[in-house]
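Before any comments, here is the structure.
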Amino acid sequence: MAIDIGLTDAARKSSAEALKVLLGETYALYTKTHGYHWNVTGPRFNELHTMFMAQYNELWLALDLIAERIRALGHFAPGSSGEMLEKASIKPDNGVPEAAEMVKNLAAGHEAVSKAAKAGIKIAEKNGDPVSVDLFTQRAQIAEKTAWMLRASA
């Protein structure tokens, strides 16, 4: 069926591509955060283990929201981790970093998500796509707050 939500095909495609970048960054950060949750050690274990769990759960829910917006725009969301990760600037670790490095890496990851969301805001605004603008704005807000909390806990 045709999509008639007040956006041109080109606008829907452009917004969907920006959302795919955000999805990739979010997926990369989710994977890193979940791995850190499993592997954190040291005197702050309980605090960080619990904090990372809250963060990866939030990121997991965000993945669904982002992918569903891509689908609402009439495009397919990436269906494999490889497809999602190819759009991400957040790279996996080689090995398991110390707890303090985990916190630093996650703060940087949330900042990368915020940057992707802000780039998406500009694209969606240009496309006249306020629904995607709202999603990008929410993701930037959450990412920046989480990065601040991580930096404050370091």
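All values reported here derive from a predicted model rather than from experimental measurement. In this chain, residues are counted from 1 in sequence order.
For the pair F136/I66, no side-chain contact is recorded, criterion being any heavy-atom separation below 4.5 Å from C-beta on. Inter-residue side-chain proximity for D129 and I5 is flagged as unmet; no heavy-atom pair is nearer than 4.5 Å.
Within the model, atoms CD1 of I70 and CG of L19 stand 5.0 Å from one another, a figure rounded to the nearest 0.5 Å. To the nearest 0.5 Å, atom OG1 of residue T146 and atom CE of residue M51 are 10.0 Å apart. Taking CG from D64 and CZ from R71, the interatomic distance works out to 12.5 Å, rounded to the nearest 0.5 Å. Distance check: N57 CG to T33 OG1 gives 10.5 Å after rounding to the nearest 0.5 Å. Summarising the geometry, atom OG belonging to S15 is positioned 12.0 Å from atom NZ belonging to K20; distances are rounded to the nearest 0.5 Å. Interatomic distance, OG of S153 versus CZ of R44, reported as 4.5 Å (0.5 Å rounding).
Heavy-atom neighbours of K122 NZ from other residues, nucleotides or ligands within 6.0 Å: at or below the threshold of 12. Under a cut-off of 6.0 angstrom, the local environment of CD in E58 is crowded, with over 12 non-hydrogen atoms contributed by other residues, nucleotides or ligands.
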inquiry  = Please evaluate residues K145 and H110 with respect to the criterion side-chain contact (heavy atoms from CB on, under 4.5 Å), reporting the C-alpha separation (whole Å), side-chain torsions for both, the decisive distance (0.1 Å), and the verdict.
reply    = CA-CA 9 Å; K145 181 177 181 179; H110 283 280; over 6 Å; no
ask   = Can E125 and I121 be said to form a side-chain contact (heavy atoms from CB on, under 4.5 Å), step by step?
value = CA-CA 6 Å; E125 283 177 338; I121 290 168; 3.7 Å; yes
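Listed by first and then second residue, the side-chain hydrogen bond (donor to acceptor under 3.5 Å, both in side chains) pairs that reach into residues 95-105 are Y36-N105, sequence neighbours excluded.
Side chain of N127 to backbone of A11: a donor-acceptor contact under 3.5 angstrom is found. With hydrogens and angles disregarded, no donor-acceptor distance shorter than 3.5 Å links the side chain of S14 to the backbone of A10.
Chaining together hydrophobic side chains whose heavy atoms lie under 4.5 Å apart places M149 alongside W148.
K91 and K32 get closest at one heavy-atom pair: O-NZ, 2.8 Å. Minimum heavy-atom separation, A99 to L48: CB-CD1, 3.7 Å. Shortest non-hydrogen contact noted between M102 and P97 is CE-O, 3.4 Å. Heavy atoms only, all atoms of each residue included: K13 and H75 are closest at CA-NE2, 3.4 Å. Of all heavy-atom pairs spanning A16 and L73, the tightest one is N-CD1, 3.8 Å. In this structure, G128 and L7 approach most closely via the heavy-atom pair O-CD2, 3.1 Å.
Hydrophobic clustering, with ILVMFWY side chains joined whenever heavy atoms are under 4.5 angstrom apart, keeps L61 apart from F52. Hydrophobic clustering of Ile, Leu, Val, Met, Phe, Trp and Tyr side chains at less than 4.5 Å, counting indirect connections, unites L85 with L106. When the side chains of ILVMFWY residues are joined at heavy-atom separations under 4.5 Å, either directly or via intervening members, I142 and V113 end up in two distinct hydrophobic clusters. Under the 4.5 Å side-chain contact rule for hydrophobic residues, W38 and L150 do not share a cluster. Both L65 and W60 are part of a single hydrophobic cluster, where members link through side-chain heavy atoms under 4.5 Å apart.
Every residue two or more places apart in sequence or in another chain was checked for a ring-ring contact (aromatic ring centres under 6.0 Å, His included) with F76, and none qualifies. Under the rule for a salt bridge (Lys or Arg N to Asp or Glu O under 4.0 Å), E68 has no partner lying at least two apart in sequence or in another chain. Applying the salt bridge (Lys or Arg N to Asp or Glu O under 4.0 Å) criterion to D9, with sequence neighbours excluded, gives R12.
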Show me, pair by pair, the donor-acceptor contacts under 3.5 angstrom made by side chains of residues 22-30, not counting sequence neighbours?
{"unit_1": "E25", "atom_1": "OE1", "unit_2": "S89", "atom_2": "N", "d": "3.0"}
{"unit_1": "E25", "atom_1": "OE1", "unit_2": "S89", "atom_2": "OG", "d": "3.4"}
{"unit_1": "E25", "atom_1": "OE1", "unit_2": "I90", "atom_2": "N", "d": "3.2"}
{"unit_1": "E25", "atom_1": "OE2", "unit_2": "S89", "atom_2": "N", "d": "3.0"}
{"unit_1": "E25", "atom_1": "OE2", "unit_2": "S89", "atom_2": "OG", "d": "2.7"}
{"unit_1": "T26", "atom_1": "OG1", "unit_2": "L22", "atom_2": "O", "d": "2.8"}
{"unit_1": "Y30", "atom_1": "OH", "unit_2": "H34", "atom_2": "ND1", "d": "3.0"}

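Ion pair E144/K115 not flagged as a salt bridge, since none of the NZ, NE, NH1 or NH2 atoms sits closer than 4.0 Å to an Asp/Glu carboxylate oxygen.
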